[in-house]
Visitor: 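Can you keep this structure in mind? I'll have questions shortly.
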Amino acid sequence: MQIIRTRSEMHSFSALHAGKIGFVPTMGYLHAGHISLVERARAEQSVVVVSIFVNPAQFNDPKDLEKYPVDLDRDFAMLEKAGVDAVFCPARSEVYPNGVPALRMSYDEVMNRLCGAGRPGHFEGVLLVVHNLFMWVRPQRAYFGLKDYQQYLLIKRMATDLELGVEAVGCPLVREADGLAMSSRNVRLTAAGRVAALAISKALFAAAELWRKGETAAAVQAALNSLLTPLQVEYALICDADSLATVLPGAPRPARVVIAVAAFVDGVRLIDNVLLT
Ligand code: PAF
């Protein structure tokens, strides 16, 4: 497995493997969810590149950035075992040689809903770095977990609208055996917080079941709110899966919905969702 630290090395690697690259962008501290993306990339493309870069431009809270877990040796071992061909692991000064640029891409509605409302500037920072990573890695396909459903939607639109020549592939969310959505942030939970966090997936599964049975948006929303009562909830919403607009009581049922939650446990911000199509 090749470890690539600079943009110029990355350009040479991508030129050598043009047309064959499957790409998994990450911020490191990998878990089984990331490895499932690598496996999908492996199955569909002959060369797999993973990037590890904790992107300061997407953290609206500097304390959250400071606390983001990092363990490169552990990540490299996991990626080597998963059969990755190259890891692009640039320093901050390599990605942003002149500091984070002021350039911002925005998609007003989809970007400002859900996580966009609570984390101003977050998705602008994500799109900036993913756009640049696509330019350096030059993949045919890039793989994203659907836990970050809104992120996936925005990246897919950016890739289409800017004709980046990359297909963004959304891959199933991976859960722990007890239902907790896998996240690099879970390591920051205390033992009690880890148990409390299960309320999120339990509430989502119950809400999804009610929606499938044809319950009204108001009834599903009430159940969701009540099951999440013990937690500090940022949002818990039933949304149209394409526009992310909230499904209002009495409005027609959209064909595809996403029920999405963001909540704080032990001061750690966790997100989860179920997609009903
Ligand atoms: O999902 C993530 O880990 C990050 O938002 C991404 C896509 C690697 C961009 O920094």
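FYI, side chains are in, hydrogens and waters are out, and symmetry mates aren't considered; it's all heavy atoms of this structure. Numbering of ligands and ligand atoms starts at 1, following listing order.
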Visitor: Pairs of donor and acceptor atoms involving the side chains of residues 90-100, under 3.5 Å and at least two apart or interchain, shall be tabulated with distances.
Guide:
from : atom 1 : to  : atom 2 : distance (Å)
E94  : OE2    : R7  : N      : 2.8
Y96  : OH     : N55 : OD1    : 2.6

Visitor: Examine the side chains of S201 and D272 and answer whether a donor and an acceptor come within less than 3.5 Å of each other.
Guide: no

Visitor: Could you list each N/O atom of ligand 1 together with any protein N/O atom closer than 3.5 Å, one pair per line with the distance?
Guide:
from     : atom 1 : to   : atom 2 : distance (Å)
ligand 1 : 1 (O)  : Q151 : NE2    : 2.8
ligand 1 : 5 (O)  : Q58  : NE2    : 2.9
ligand 1 : 5 (O)  : Q151 : OE1    : 2.7
ligand 1 : 10 (O) : Q58  : OE1    : 2.6

Visitor: Would you say the side chains of E39 and S36 form a donor-acceptor pair under 3.5 Å?
Guide: no

Visitor: Any sub-3.5 Å donor-acceptor pair from D148's side-chain atoms to Q151's backbone N or O?
Guide: no

Visitor: Here's one to test your reading of the geometry: is the NZ or CZ of R74 within 45 degrees of the ring axis of Y29 and under 6.0 Å from its centre?
Guide: yes

Visitor: Tell me if the aromatic rings of Y107 and F123 count as close, with their centers under 6.0 Å from one another.
Guide: no

